[in-house]
Amino acid sequence: MSFLSKVWFVTGSASGLRRSIAEVRLLNLMAIVVTFSIAVIYTFAADTPLLLEPHNLIVDHSLPREEADTQIIAARRYDTFWNTGDETLARASLAPNFVDNTLPTGRPQGIAGPLAASRLMRLAIPDLRCEIEQMIVAGDRVVTHLRFRGHFTGRFGQIQGQGQTINFTATDIYRVADGRIAENWHIEDNLTLQQELGLIPK
């Protein structure tokens with residue numbers, strides 16, 4: 001007995017057969033849609049569970065949800081780079097033509113700048129970690145207020161750390177375009193950091 005004959009046998013009428021065929025087609029279509037949706041979600045959010053979560057997230061509700069989510073993911077990737085030192089996250093979050101608008105003296109422009117800064121910081125503070133205390137999303141900008149913690153057990157220039165506690169803040173303003181950070185304006189609490197490193201007296 002063929003599949004259609006079985007359906008006919010079960011339903012017992014032509015209208016029942018038409019209804020059963022329609023239901024089978026609908027189920028097949030739903031299976032295709034569900035399979036496609038899962039693949040898209042996985043591709044978009046594969047690293048999301050591994051990224052830092054902001055303690056406080058404030059989003060301009062006039063932004064389309066998809067646009068806001070894209071900007072948040074770019075910012076979380078970059079902030080997680082500062083937390084872990086994983087340079088693949090920096091490259092994934094920064095645009096190829098990334099510009100640092102508050103470039104410190106001696107730091108290279110572009111993606112090379114944050115990579116060099118992270119390496120330098122981790123030579124001095126190997127256990128450096130950061131948290132996103134606040135994240136504010138409005139227009140094409142994301143503002144993150146970060147707190148860095150660790151212990152000065154490495155070397156900073158000619159100074160050898162003695163295990164001093166490090167605890168300072170930084171604030172970044174990212175302009176996000178096409179899902180990546182195109183520009184950054186940042187300011188760090190360098191006074192506190194230099195005091196904790198022993199570069200200047202408290």
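T171 OG1 to H145 NE2: the interatomic distance, rounded to the nearest 0.5 Å, is 5.0 Å. Interatomic distance, F152 CZ to I166 CD1, rounded to the nearest 0.5 Å: 7.0 Å. Here the straight-line distance linking atom CG of D60 with atom CD1 of I136 works out to 11.5 Å at 0.5 Å rounding.
When the side-chain hydrogen bond (donor to acceptor under 3.5 Å, both in side chains) test is applied to T165, no partner is found at least two apart in sequence or on another chain. By the salt bridge (Lys or Arg N to Asp or Glu O under 4.0 Å) test, R175 pairs with E183, sequence neighbours left out. Residues satisfying the ring pair (Phe, Tyr, Trp, His ring centres under 6.0 Å) criterion with F168, sequence neighbours excluded, are F148. With sequence neighbours left out, the side-chain hydrogen bond (donor to acceptor under 3.5 Å, both in side chains) criterion links E133 to R147. With sequence neighbours left out, A117 forms a side chain to side chain contact (heavy atoms under 4.5 Å, CB included) with W82, R107. Take R141 and apply the salt bridge (Lys or Arg N to Asp or Glu O under 4.0 Å) test, not counting sequence neighbours, and it matches no residue. Residues satisfying the side-chain hydrogen bond (donor to acceptor under 3.5 Å, both in side chains) criterion with N83, sequence neighbours excluded, are absent altogether. Annotation: side chain to side chain contact (heavy atoms under 4.5 Å, CB included) contacts of Q109 (sequence neighbours excluded): V99, D100, L103.
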Under the side-chain contact (heavy atoms from CB on, under 4.5 Å) rule, what do T80 and I132 come out as? Steps first, then yes or no, please.
CA-CA 9 Å; T80 304; I132 309 171; 5.8 Å; no

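With contacts defined as side-chain heavy-atom distances shorter than 4.5 Å, the pair L52/R76 does not qualify. Using a 4.5 Å cut-off on side-chain heavy atoms (C-beta onward), V137 and L57 make contact. Taking 4.5 Å as the limit, some side-chain heavy atom of P126 sits within range of a side-chain heavy atom of T153. Between V176 and V142, some side-chain heavy-atom pair lies under the 4.5 Å cut-off. The shortest distance between side-chain heavy atoms of D79 and L146 falls below 4.5 Å. A 4.5 Å side-chain heavy-atom check between I72 and V59 finds at least one atom pair inside the cut-off.
Legend: ring pair (Phe, Tyr, Trp, His ring centres under 6.0 Å) pairs involving residues 171-202, not counting sequence neighbours, sorted by first then second residue: Y78-Y174. For the side chain to side chain donor-acceptor pair (under 3.5 Å) condition, the pairs that include at least one residue of residues 120-132, sequence neighbours left out, are H55-E131, D127-H151, E131-R149.
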With a 3.5 Å cut-off and sequence neighbours excluded, list the donor-acceptor pairs that the side chains of residues 87-97 form with protein atoms.
from : atom 1 : to   : atom 2 : distance (Å)
E87  : OE1    : R119 : NH2    : 3.0
E87  : OE2    : R119 : NE     : 2.7
E87  : OE2    : R119 : NH2    : 3.1
T88  : OG1    : D86  : OD1    : 2.5
T88  : OG1    : D86  : OD2    : 3.2
S93  : OG     : L89  : O      : 2.9
S93  : OG     : A90  : O      : 3.1

Check: residues 191-202 side-chain donor-acceptor pairs under 3.5 Å, at least two apart:
from : atom 1 : to   : atom 2 : distance (Å)
T192 : OG1    : D189 : OD1    : 3.2
T192 : OG1    : D189 : OD2    : 2.6
E196 : OE1    : N167 : N      : 2.9
E196 : OE2    : N167 : N      : 3.2

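Heavy atoms from other residues, nucleotides or ligands lying under 6.0 Å from CG of D178 number 12 at most. In I187, the CD1 atom is not crowded: 12 or fewer heavy atoms of neighbouring residues, nucleotides or ligands sit closer than 6.0 Å.
In terms of modelled atom types and a separation under 3.5 Å, the side chain of Q134 and the main chain of V143 share no donor-acceptor contact. Judged purely by atom type and a 3.5 angstrom limit, T70 uses its side chain to pair as donor or acceptor with the backbone of E66.
F156 and L115 fall within a single hydrophobic cluster, where Ile, Leu, Val, Met, Phe, Trp and Tyr are joined by side-chain heavy atoms under 4.5 Å apart, directly or via other members.
Across all their heavy atoms, F81 and P114 have their closest contact at CZ-O, 3.6 Å. Heavy-atom minimum distance, I181 versus A75: CD1-CA, 4.4 Å. Between M135 and P54, the closest heavy-atom pair is CB-CB, 3.9 Å.
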